[in-house]
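Following: one structure in structure tokens, then a few remarks.
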Amino acid sequence: MEHNDSNQHEDTADREGGQDLHPLIAARLEKMDELGAEVPLYPYSFDRSHTSLEIREGEGPLTAEGVKVRYPGRIMAKRGTGKTLFVPVQDEWGRIQAYFKKDDLGEDAFRRIQKLIDIGDWIGVEGTLFRTRTDELSIHVTDFTFLAKAIRPLPEKYHDLSLENKSRRRYLDLAMNQESRDRFKLRSSILRDVRNFFDAEGFLEVETPVLQPLYGGATARPFTTHHNALDMTLYLRIADELYLKRLIIGGLEKVYEIAKDFRNEGMDRTHNPEFTMLECYAAYWDYRDMMDLTERLVRRLAGNFGTDGRLQYGEHQLDFSQPFRRVTFMGALAEAVGRDLMVVPTDDLAVLAREKGVELKKGMGRDKILDELFSLLVEPGLIQPTFVMDHPQELSPLAKAHRDHEGLVERFELFVAGFELANSFSELNDPREQRRRFLDQKALLEAGDEEAQQLDEDFLQAMEHGMPPTGGMGLGVDRLIMLLVDTNNIRDVLLFPHMRPEVSTDAG
RNA sequence: GCGCCGCUAGCUCAAUUGGCAGAGCAACUGACUCUUAAUCAGUAGGUUCGGGGUUCGAUUCCCUGGCGGCGUACCA
């Protein structure tokens with residue numbers, strides 16, 4: 001309940017203190033007092049007969065038979081013409097206009113609705129459906145009840161909220177924009193669809209710890225917290241990979257988790273400190289099996305939420321209906337720079353990288369430089385769905401060495417519209433090799449790479465009990481949704497994106 | 001983190017060269033029995049993000065802090 005800020009909270013405080021409050025709020029409180037003497041303002045429930053959607057869909061029979069409807073929602077406007085009043089009432093699916101007539105309702109009831117009810121209030125109306133002269137589907141109201149009084153005004157009706165207010169006060173964005181409500185309902189149905197897909201593929205949905213004594217499974221800086229009773233540092237997970245693999249080791253053969261991960265890094269159009277990640281693991285699979293699964297999943301979602309497997313994303317027409325392009329990491333890079341970097345000496349590579357605009361930092365290994373080059377030269381051009389395969393080993397401490405190529409691992413990333421959507425490996429399952437890789441990471445850490453991974457002894461011990469060959473895949477859910485709803489800003493797909501507190505305390 | 005731009009009424013936005021701070025919606029008063037950005041007549045509403053400075057005078061110029069947008073860096 002701690003908020004630093006803002007006149008909004010001060011208003012409430014002022015009210016308790018009996019001081020001045022905003023005139024718009026004062027006016028509504030007065031109406032509330034007057035109304036409260038006549039009718040209950042915050043009743044306990046309302047028996048709805050139809051939603052706005054059901055009313056529109058059932059319109060023919062409902063209007064023909066003069067069926068009574070009981071319909072609740074929020075008042076979005078008031079248009080009065082003296083002794084009649086038109087009030088659009090909005091529920092989750094849309095608006096139905098209520099028609100109030102003085103002759104039908106009587107003096108008192110009509111005054112209540114005309115003078116004492118405000119835009120933003122919730123009411124329930126009862127009446128019969130009809131069409132007005134201008135063909136607007138309406139409810140001819142015979143009775144109504146207040147469901148909740150609002151004491152703050154809704155935003156203005158024909159300009160959109162500012163971007164900041166849309167994110168910061170999502171309830172207003174949702175109240176004012178059907179498009180926003182639909183976008184978040186779409187997010188929900190995408191997630192349901194993902195779950196249906198994995199369930200149908202025989203995967204088990206599981207939950208693993210958010211609070212972890214060691215963070216691992218990805219390269220990122222974590223959030224740190226403290227457990228009082230145990231007096232120990234805990235980290236908010238940056239990935240759930242190492243726990244899901246423990247489940248594979250335990251004998252659960254196909255598992256997935258849709259998890260909130262937390263990374264203590266910069267925020268921008270495509271990054272929120274907490275975000276949703278899908279990870280799945282299947283025993284006996286390799287990365288090629290995982291590639292097939294990923295392609296099926298993404299194609300199915302694109303098919304369900306686009307048309308004919310095609311999606312418009314910004315200026316790009318993305319085609320998911322054809323088999324996804326498959327290129328190798330080194331091959332794509334060779335094409336971009338015009339030479340095979342596999343055989344270029346490290347010193348020459350550094351020179352080349354600098355020429356191409358890569359900022360070389362302390363502790364950057366050869367493979368890290370390759371990765372930077374790839375991000376800079378290749379990724380932006382990967383617009384149509386493309387699998388990039390077989391990455392340098394150093395970048396992938398949890399991936400299995402490539403069966404045919406020395407120095408590479410069996411890994412793929414799926415790129416769409418220039419950004420990485422999914423990442424997958426044939427999972428390393430040789431415990432001694434895994435220990436060596438962790439030790440390599442430790443060396444990198446000591447050489448100055450802040451993101452190198454920690455050695456997880458408990459995980460190694462689990463693997464020493466025997467881990468079957470396993471394919472694993474992680475997919476950025478928020479980005480997937482951005483793609484499907486055609487937005488380039490992650491805030492548009494997060495109900496409550498992280499925002500700095502609005503107003504600092506005036507102590508400083 | 002860095003750079004650029006912004007912050008004015010409840011909301012969305014104006015304000016010329018530094019010269020009385022405005023509009024639309026919302027609110028309030030009144031008129032109107034099929035309106036739909038309802039209409040018409042009127043009223044009220046401001047610490048111009050906070051702090052400091054320059055100036056006869058600052059929404060405007062300078063310094064500083066906060067928040068936001070965009071770009072960039074890191075990352076998924």
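Keep in mind it's a predicted model, so treat the numbers as computed, not measured.
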Subject >> Presence of donor-acceptor pair under 3.5 Å, side chain of A:Glu136 and base of B:U35 >> reply: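 Flag unset: no donor-acceptor pair detected.
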**OP:** Classify the side chain of A:Thr81 and the base of B:U33 as holding, or not holding, a donor-acceptor pair under 3.5 Å.
**Re:**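 Counting by modelled atom types and ignoring angles, no donor-acceptor contact under 3.5 Å is found here.
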For [X], report the nucleic acid contact type (base, sugar-phosphate, nothing); a contact means any heavy atom under 4.0 Å.
{"X": "A:Asp160", "answer": "sugar-phosphate"}
{"X": "A:Asn165", "answer": "sugar-phosphate"}
{"X": "A:Phe419", "answer": "nothing"}
{"X": "A:Glu420", "answer": "sugar-phosphate"}
{"X": "A:Asn272", "answer": "base"}

Got a list of protein N/O to nucleotides 1-9 of chain B N/O distances below 3.5 Å?
none

**OP:** Could you tell me which residues satisfy side-chain contact (heavy atoms from CB on, under 4.5 Å) with A:Leu214, sequence neighbours excluded, listed by chain and number?
**Re:**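 With neighbours one apart ignored, the set is A:Gln454, A:Asp456.
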**OP:** State which residues pass salt bridge (Lys or Arg N to Asp or Glu O under 4.0 Å) with A:Lys31; sequence neighbours excluded, sorted by chain then number.
**Re:**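 With neighbours one apart ignored, the set is A:Asp118.
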Original post:
Between A:Phe425 and A:Tyr287, is the ring centre distance below 6.0 Å?
Top reply: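 No, the ring centres sit 6.0 Å or more apart.
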Short N/O separations, protein against nucleotides 46-48 of chain B, under 3.5 angstrom:
none

Original post:
Phosphate oxygens OP1/OP2 of B:G69: is one of them under 4.0 Å from a side-chain N or O of A:Arg269?
Top reply: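 Answer no for this pair, as no side-chain N or O of A:Arg269 is under 4.0 Å from OP1 or OP2.
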Subject >> Contact pattern, 5' to 3', of nucleotides 24-29 of chain B - B, S or - by protein heavy atom under 4.0 Å >> reply: BBSSS-
**OP:** Dot-bracket notation for RNA chain B is requested: 5' to 3', Watson-Crick or G-U wobble pairs only, both distances under 3.5 Å, with ( ), [ ], | and . as defined.
**Re:** (((((((..((((.....[..)))).(((((.......))))).....(((((..]....))))))))))))....
Original post:
Within 45° of the ring axis of A:Phe275 and under 6.0 Å from its six-membered ring centre, is that where the NZ or CZ of A:Arg263 lies?
Top reply: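 Negative - A:Arg263 is either too far from the ring of A:Phe275 or too far off its axis.
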